[in-house]
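In what follows, a single structure is set out as structure tokens and then discussed.
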Amino acid sequence: MRIAILGAMVEEIEPILTGLDPALKPDSPLDDIIASSKHINVQTIAANRYFTVKYKGHDVVVAYSKIGKVYAALSASVLIEHFKADVLLFSGVAGAINENLHIGDLVVATKLCQHDLDITAFGHPYGYVPEGKVYVESSEYLRQLAQNVAKEKGIKLHEGIIATGDQFIADPNRKEWIKKTFHADALEMEGAAVAVVCDAYDVPFFILRSISDAADMDASFDFDEFLKSSSKVSADFIISMLDKIIQ
Ligand code: ADE
């Protein structure tokens, strides 16, 4: 089975790569990972790097797309078209909307929407374009698998709606609007783009985020402080998911 693991930022995939190659020091930056790993192969496609590694007999390809929906859609398409991914797992951080979500908590997307997609001028609802849909549902099978993993690890795994847009949200009013309009629990900048691509190709996908901030006035400060630690929380869980998928 070919498994793709995608993040948006380099910080989100460094702990994935070190988790996949036990010879690597945890906490290694990407340049050190590339220089010192004997198992990780690097390929550049469409101006982005893809890291392939054999993990317990399975082909795993890891990438970070860069921030935002366009880059995320491009990477997801390359992972499916070029690398023939059978399944795509996304790992990264998110801003919390739901008050029960705190920094470091894990949230799995049940379904995803684009909060910045707006052709309401033509009478359509927010997040909708003709022949599309407001919400794209993630794989129920992978979500169930994740809940089994969480139970084994004794971790609380939240589920909820994730809203995606090409905006870093650090504004209580915008956050409230996204909550009210989409009933979203968390927000970020790539998930729905990956969901749209995987849904179109009929590739099962799983979007996992660990909370880095509350999308409020302190968001940029908290994001800088917790990006690394929350990325690691998400990455560790994704490696456990991978172990379960290939079991
Ligand atoms: N990812 C993590 N925090 C975020 C925020 N506040 N806005 C958008 N994307 C995020």
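All ligand and atom numbering here is 1-based and tracks the order in the structure.
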Can you sort out which atoms of ligand 1 are near [X], meaning under 4.0 Å from one of its heavy atoms?
{"X": "I169", "value": "5 (C), 6 (N), 7 (N), 8 (C)"}
{"X": "F223", "value": "2 (C), 3 (N)"}
{"X": "A215", "value": "6 (N)"}
{"X": "D213", "value": "2 (C), 3 (N), 4 (C), 5 (C), 6 (N)"}

At what distance, to the nearest 0.5 angstrom, does CG of D171 lie from CG of D216?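 So the CG of D171 and the CG of D216 are separated by 10.0 Å.
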
So, does E190 use its side chain to make a donor-acceptor pair with the main chain of G68 at under 3.5 Å?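 Yes; judged by distance alone, with no hydrogens or angles, the pair exists.
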
When you compare ligand 1 with E188, is there at least one nitrogen or oxygen pair between them that comes in under 3.5 angstrom?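 There is no such contact.
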
Ligand 1 to G95 polar contact by distance, N or O atoms, under 3.5 Å: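 Indeed, backbone or side chain, G95 has an N or O that close.
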
Atom 5 (C) of ligand 1: which protein heavy atom is closest, and how many Å away?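 Here the closest protein heavy atom is F168 CE1, 3.4 Å.
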
Are F83 and Y50 close enough that their ring centres sit under 6.0 Å apart?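 Yes: the rings meet the under 6.0 Å criterion.
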
Do [X] and [Y] touch side chain to side chain, with heavy atoms closer than 4.5 Å?
{"X": "I162", "Y": "R209", "value": "yes"}
{"X": "E11", "Y": "K232", "value": "no"}
{"X": "D218", "Y": "D213", "value": "no"}

Should Q167 be listed as contacting ligand 1, given a heavy-atom distance under 4.0 Å as the test?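 Under 4.0 Å: yes for Q167.
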
Between S212 and ligand 1, which residue portion shows a heavy-atom distance shorter than 4.0 Å: side chain, backbone, both, or neither?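 Answer for S212: side chain.
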
So, R2 and H58: side-chain donor and acceptor under 3.5 Å apart, yes or no?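 H58 and R2 do not have a side-chain donor-acceptor pair below 3.5 Å.
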
